[in-house]
Novice: 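One structure is given below, represented as structure tokens, and several questions about it will come after.
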Amino acid sequence: ALQGRIRARQPIAEPRANRGIEVPLSPLAEAKLALYRAFLDSGLTKAELARRLGWHGPSIDRLFDLGHDSRIGQIGAAVAALGREMRITTLPAA
């Protein structure tokens with residue numbers, strides 16, 4: 001469902017506690033979703049993000065593919081190209 005929203009370029013809300021069913025995601029998927037939200041907020045096109053990074057279009061597409069095993073450094077570079085900073089936090093286990 002999340003990948004479908006990304007393909008359709010639809011917004012994905014931030015997770016909130018007590019909202020119903022929780023679906024655990026991998027840390028990489030969480031990072032990709034955070035990048036996707038920042039990308040939508042930026043108003044940039046994928047082509048402009050690719051230009052800023054000096055990457056080819058398919059590399060940008062893979063950043064938003066939840067099934068692709070991107071490197072966290074690539075996601076960090078894309079976040080920085082959007083003028084954002086990426087931070088990783090930990091939470092107590094439920």
Side-chain angles (χ1 to χ4, degrees):
L2 292 171
Q3 191 65 60
R5 292 187 72 82
I6 291 170
R7 278 191 210 102
R9 205 166 174 157
Q10 296 175 333
I12 298 173
E14 291 279 345
R16 288 187 285 178
N18 301 325
R19 201 168 187 206
I21 298 172
E22 290 187 30
V23 178
L25 299 173
S26 72
L28 182 60
E30 293 281 2
K32 286 181 175 233
L33 289 176
L35 169 61
Y36 175 72
R37 289 183 190 106
F39 171 71
L40 285 185
D41 287 346
S42 76
L44 293 178
T45 63
K46 287 182 181 180
E48 177 57 27
L49 181 57
R51 275 191 288 279
R52 287 182 179 196
L53 290 165
W55 298 356
H56 297 289
S59 296
I60 301 301
D61 290 333
R62 286 190 290 271
L63 286 176
F64 299 117
D65 180 350
L66 298 177
H68 185 267
D69 195 20
S70 300
R71 294 182 185 172
I72 198 71
Q74 294 169 315
I75 295 170
V79 167
L82 296 173
R84 302 272 183 113
E85 181 179 275
M86 186 169 72
R87 294 186 181 186
I88 297 172
T89 61
T90 63
L91 303 170

Novice: Please round to the nearest 0.5 Å and tell me the distance separating atom CZ of Arg5 and atom CD1 of Ile12.
Specialist: 6.5 Å
Novice: If every non-hydrogen atom of Ala78 is compared with every non-hydrogen atom of Leu63, which pair is closest and at what distance?
Specialist: CB-CD1, 3.7 Å
Novice: Over all heavy atoms of both residues, which pair between Ala38 and Arg84 is shortest? Give the atoms and the distance, please.
Specialist: CB-NH1, 3.7 Å
Novice: So which heavy atom on Arg52 is nearest to which on Leu82, and how close?
Specialist: NH1-CA, 4.4 Å
Novice: Measuring from Asp61:CG to Arg7:CZ, what's the distance to the nearest 0.5 Å?
Specialist: 10.5 Å
Novice: Which distance, rounded to the nearest 0.5 Å, do you find between the NZ of Lys32 and the CG of Leu66?
Specialist: 6.5 Å
Novice: Should the pair Tyr36 and Phe64 be assigned to parallel (<30°), tilted (30 to 60°) or perpendicular (>60°) ring geometry?
Specialist: perpendicular
Novice: With rounding to the nearest 0.5 angstrom, report the CG to CG distance, Asp69 to Leu28.
Specialist: 6.0 Å
Novice: With sequence neighbours left out, write down each residue that passes side-chain hydrogen bond (donor to acceptor under 3.5 Å, both in side chains) with Thr45, or none if nothing qualifies.
Specialist: none
Novice: Looking at Asp65 and Gly67, what are the two nearest heavy atoms and their distance?
Specialist: OD1-N, 2.8 Å
Novice: Rounded at 0.5 Å granularity, tell me how far CZ in Arg37 sits from CD1 in Ile6.
Specialist: 9.0 Å
Novice: Looking at CD of Glu30 and OG1 of Thr89, how far apart are the two atoms once the value is rounded to the nearest 0.5 Å?
Specialist: 9.5 Å
